[in-house]
Amino acid sequence: MEDYIVFGKHPLDGKLKVYGAKNAVLPILAGSVLSGGVVLLKNCPRLSDVSYTLDILDRLGCKTAFDGDEIIINPAGVCSRPVAAGGGDMRSSVNFLGALLGRFGEAELPMPGGCRLGRRPIDIHVRALRTMGVKVETAGGMIYAKGWPKAADVYLDFPSVGATENVILAAVTAPGITVLNNAAREPEIGDLCRFLRAMGAKIRGEGGDMIRIEGVERLDGCEYTVMPDRIVAATYMCAVMTAGGRLEIENAVRPHLEETAAVLSRCGGEISWAPDRVTVRAPGLIVPCGTVRTGVYPGFPTDCQSQVMAVMACGPGPSVMIENIFESRFNIVPELRRMGADIRISGREAVVRGGNLHGAELRAADLRGGAALVVAALGAEGESRVSGIEYIARGYRDLAGELRQAGARIETVPTKG
Ligand code: UD1
């Protein structure tokens, strides 16, 4: 086990390139079990969640290989088996539900583990699949689903990202036309649809709230390049805001980052766009940015909430963060307080005052919260130790190494004792 030692107040100056998106590649990997041929995926990030998903594919009988940033999946030997428990709180194993139903008319997998963002129920997935004629039961920490998905008119009570992906995966080979209403609009859903279309699927309307899927008889192999990770790009943007200096971020897709960029510019950051890239110049002083509310896409993403709160805490404030998507996503608050921030929480709302943060011993408790602690430590006086960095590895290839390339002073050291 390792920790990061972060030395604050070293301005960044350089260029970083964003790699493929975790939240896009995970459902795409699950979707590859639907393929009748070999799938070649490019721009895949090396992350622990990706390795875990490849293990699931291997255990289902697929042959997988990860070379450079390319993954090859040969699903010729895939068979219907329970997805093994394990993989901790990796929620996206739930994507195998729709994919296995589409392939075998049955699926057995562990309930997505309780992660530390509050309850993470799957009732929306279950109701949607039942509308498609699938029998779904949950018992003893497992999900049991049986029956070939049938085309249907499906309505989601809330535009859940995972449920939208599961319905699409279940519907692409279901005879007839499935209409998915109140679908999530996150860009990663668009990536899944483009991937499935590359295999021969007939899908229209992704990016809007009504998606129309016409079932096809079979899907073929394909070659597909995964979209860049908008949350990684946003994390880099936050890192330069607190560390100071200037950072050019390549592979930044403007429409995906518009909300985060708007908030950071309200905090005083200077943001300039060019095709495929964004440059962020940090302000001398982070100024209060009013109230930021997380929302479904195209709203401000919950996955950037902790990193932006770390930015808020590096200025005097007050700024307000309201978390509307997850119940308990304020894991970093006690850590930021330990660095000298004054944060008052009432329900879903946090009022953040800060300014002269100092280094401290910090513990990551979730993926984005862990990255946010690095962001805060870059803006603090002196040295911070961040433990629990295995959470960060779920969604960042090598956060310390990448930020080092841009001038940050971060060391990776063995965990104490
Ligand atoms: C995905 C992302 C995650 C992101 C989230 C919201 C992946 C692998 N993960 O997670 O990084 O933070 O979208 O943008 O893509 N809910 C229910 N019942 C359900 C499903 C969801 O109540 O059946 C609730 C959840 O508890 C949560 C909210 O809906 O409060 C959003 O969840 P959802 O959109 O499903 O997120 P995920 O797909 O889990």
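Both ligands and their constituent atoms are indexed starting at 1 by order of listing. The analysis underlying the following values was restricted to heavy atoms, covering all of them including side chains, and did not include hydrogens, waters or symmetry mates.
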**Q.** Non-hydrogen atom of H125 closer than 4.0 Å to ligand 1
**A.** yes
(Q) Under a 4.0 angstrom heavy-atom cut-off, which atoms of ligand 1 come close to G162? (A) 35 (O), 38 (O)
(Q) Side chains of T235 and Q307: any donor to acceptor distance under 3.5 Å? (A) yes
Q: Could you tell me whether R46 sits above the aromatic face of F66, with NZ or CZ closer than 6.0 angstrom to the six-membered ring centre and within 45 degrees of the axis?
A: yes
Q) Can you list the atoms of ligand 1 that are under 4.0 Å from a heavy atom of F158? A) 28 (C), 29 (O), 31 (C)
Q) Which option out of L367, D303, I189 puts a heavy atom nearest to atom 11 (O) of ligand 1? A) D303
Q: May I ask you to check whether A163 has an N/O atom sitting below 3.5 Å from an N/O atom of ligand 1?
A: no
Q: Classify the contact between I325 and ligand 1 as side chain, backbone, both or neither, using a heavy-atom distance cut-off of under 4.0 Å.
A: both
Q | N23 N/O to ligand 1 N/O under 3.5 Å | A | yes
Q.
Looking only at side-chain N and O atoms, does D229 offer a donor or acceptor that is under 3.5 Å from a partner on Y396?
A. no
Q.
Going by the closest heavy atom to atom 19 (C) of ligand 1, which one wins out of P159, A24, P121, A184?
A. P121
Q.
I'd like to know if R197 pairs up with E206 as an ion pair, taking the criterion as any Lys NZ or Arg NE/NH1/NH2 lying under 4.0 Å from an Asp or Glu carboxylate oxygen.
A. yes
Q. Heavy-atom contacts under 4.0 Å between T302 and ligand 1: side chain, backbone, both, or neither?
A. side chain
Q) Is it true that R127 and D157 have a side-chain N and a carboxylate O under 4.0 angstrom from each other? A) yes
Q: Of the side chain and backbone of Y297, name the one, both, or neither that has a heavy atom under 4.0 Å from an atom of ligand 1.
A: neither
Q.
The test is salt bridge (charged side-chain N to carboxylate O under 4.0 Å, His left out); show your working for D342 and R344 and say whether it passes.
A. CA-CA 7 Å; D342 169 11; R344 313 253 156 112; 3.3 Å; yes
Q. Do the side-chain N and O atoms of D209 and N182 include a donor-acceptor pair separated by under 3.5 angstrom?
A. no
Q) If you measure from the Lys or Arg side-chain nitrogens to the Asp or Glu carboxylate oxygens, is any gap between E323 and R348 under 4.0 Å? A) no
Q. So, for I325 and T294, which heavy atoms are closest and what is the spacing to 0.1 Å?
A. N-OG1, 3.6 Å
Q) Within less than 4.0 angstrom of ligand 1, does R329 place any heavy atom? A) yes
Q | Polar contact flag for I124 and ligand 1 (N/O pairs, less than 3.5 Å) | A | yes
Q. Would one find an N or O of K22, backbone or side chain, under 3.5 Å from an N or O of ligand 1?
A. no
